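Notes follow the structure.
Predicted model, so just to flag it, every value in this text is computed and none were measured.
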Amino acid sequence: SVIEKCRDINKKYNIKIMPSNDSLGPIKAIKAVETELEKWISVSKGEAKLPPIIDFNTAKGNWYDSTSAYGKGTTAAYSESRYNGAISFNRMRNKAVEYAMRHEMTHTNDLTRAGHKIPKEYNMDEIMPHYIEEKQGRKIQINQADKGKYYQEFKNAGLADSDINYAYNNPQEFIAVASEGDMSKYSSEFKKVLMDLGMPEWVLNLS
């Protein structure tokens, strides 16, 4: 049944799914993938860039490298957005997909990857303040999300402080984390900021 479902996805979306040997509900994970893909196709009217591969391979270094998430921990999922837009998850579980796929799809569709430039008038230090701290001979960026100009916008959307803090690593993470929240709660000003930072306008219509 897993093989047949993977074939269906490939035929419908031209996306190859690489299953893992995780026995905890692969069909549910694939259905969660399909549900999210349908939302992206619908709101973008077919313009969304879809990942050519969705990979559940659990043997990747990112899943074990404690510095892969900006030096602060291991990665749970990632998008090869600067290459072909493939998405990888470290677990073949529907909860992992539901938690991370929107974030990674936003990376894949980030307009800065296609040449969009962030307007120079933005004061990025005001939007995402941080400082650099040296730990064990390595320089680590310490984010100060609660001092950021749009911190409350993330809170209004129901996002946890740990997720909001992750958003402040760079503009790419800023819009990807923003896509995880209830975007109907964002102000018009903040929606414009997200679009200027590279979020396609139609992403704001995802529910």
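Side-chain contact between Met128 and Asn143 is absent, with no heavy-atom pair separated by less than 4.5 Å. Residues Ile15 and Ile53 form no side-chain contact, since every pair of their non-hydrogen atoms from C-beta on lies 4.5 Å or further apart. In this structure, Leu50 and Met105 have side chains that are in contact, with non-hydrogen atoms separated by less than 4.5 Å.
Ring geometry for His103 versus Tyr166: interplanar angle of 30 to 60°, hence tilted.
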Please output the side-chain donor-acceptor pairs of residues 192-207 that fall under 3.5 Å, not counting sequence neighbours, one pair per line with the distance.
residue	atom	partner	partner atom	Å
Lys192	NZ	Asp196	OD2	2.7
Asp196	OD2	Tyr122	OH	2.6

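Here the CG atom belonging to Asn165 is positioned 12.5 Å from the CG atom belonging to Leu159, to the nearest 0.5 angstrom. The CD atom of Gln172 sits 8.0 Å away from the NE2 atom of His107 when rounded to the nearest 0.5 Å. Distance CD/Gln152 to CD1/Ile164: 8.5 Å, rounded to 0.5 Å. Between Ile175 atom CD1 and Thr112 atom OG1 the span is 6.5 Å, to the nearest 0.5 Å. Atom CD1 of Ile17 is separated from atom CD1 of Ile87 by 10.5 Å, given to the nearest 0.5 angstrom. Distance check, rounded to the nearest 0.5 Å: CD1 of Ile54 to CG of Asn10 gives 11.0 Å.
For the side-chain contact (heavy atoms from CB on, under 4.5 Å) test, residues two or more places apart in sequence or in another chain that qualify with Ile132 are His130, Lys139, Gln141. Remark: Tyr151 pairs with no residue by the ring pair (Phe, Tyr, Trp, His ring centres under 6.0 Å) rule, at least two apart or across chains. Asp163 pairs by the side chain to side chain donor-acceptor pair (under 3.5 Å) definition with Tyr99, not counting sequence neighbours. In this structure, Lys117 has no side-chain contact (heavy atoms from CB on, under 4.5 Å) partners at least two apart in sequence or on a different chain. Asn57 meets the side chain to side chain donor-acceptor pair (under 3.5 Å) test with no other residue; sequence neighbours excluded. Partners of Ser179 by side chain to side chain donor-acceptor pair (under 3.5 Å), not counting sequence neighbours, listed by chain and number: Thr106. Contacts of Glu133 classified as side-chain contact (heavy atoms from CB on, under 4.5 Å), with partners at least two apart in sequence or in another chain: Tyr131, Lys135, Ile142. A search for ring pair (Phe, Tyr, Trp, His ring centres under 6.0 Å) contacts involving Tyr78 returns Trp63, not counting sequence neighbours.
Here Arg7 pairs with Glu4 in a salt bridge; the nearest charged N to carboxylate O distance falls below 4.0 Å.
Taking both residues in full, the closest heavy atoms of Ala86 and Pro51 are given as CA-CB, 4.1 Å, listed atom of the first, atom of the second, then distance. Nearest heavy atoms, Gly85 versus Pro52: C-CD, 4.0 Å. Nearest heavy-atom pair, Ala178 versus Met183, reported as atom, atom and distance to 0.1 Å: O-CG, 3.6 Å. Here the closest heavy-atom approach between residue Asn84 and residue Lys49 is recorded as O-CE, 3.9 Å. For Ser79 against Thr108, the heavy-atom pair with the smallest separation is OG-OG1, 2.8 Å. Scanning all heavy atoms of the two residues, the minimum distance from Ile30 to Cys6 falls at CD1-SG, 3.8 Å.
Checked against Tyr150 for a ring pair (Phe, Tyr, Trp, His ring centres under 6.0 Å), the options Tyr168, Phe190, Tyr186, Phe174 give a single hit: Phe190.
Within the structure, no pair that satisfies the salt bridge (charged side-chain N to carboxylate O under 4.0 Å, His left out) test touches residues 170-190, not counting sequence neighbours. Within the structure, no pair that satisfies the ring-ring contact (aromatic ring centres under 6.0 Å, His included) test touches residues 2-21, not counting sequence neighbours. For the salt bridge (charged side-chain N to carboxylate O under 4.0 Å, His left out) condition, the pairs that include at least one residue of residues 145-157, sequence neighbours left out, are Lys155-Asp161.
When the shell of 6.0 Å around NZ of Lys39 is examined, it contains more than 12 heavy atoms from other residues, nucleotides or ligands.
Between the side chain of Ser42 and the backbone N or O of Glu38, no donor-acceptor pair lies under 3.5 Å.
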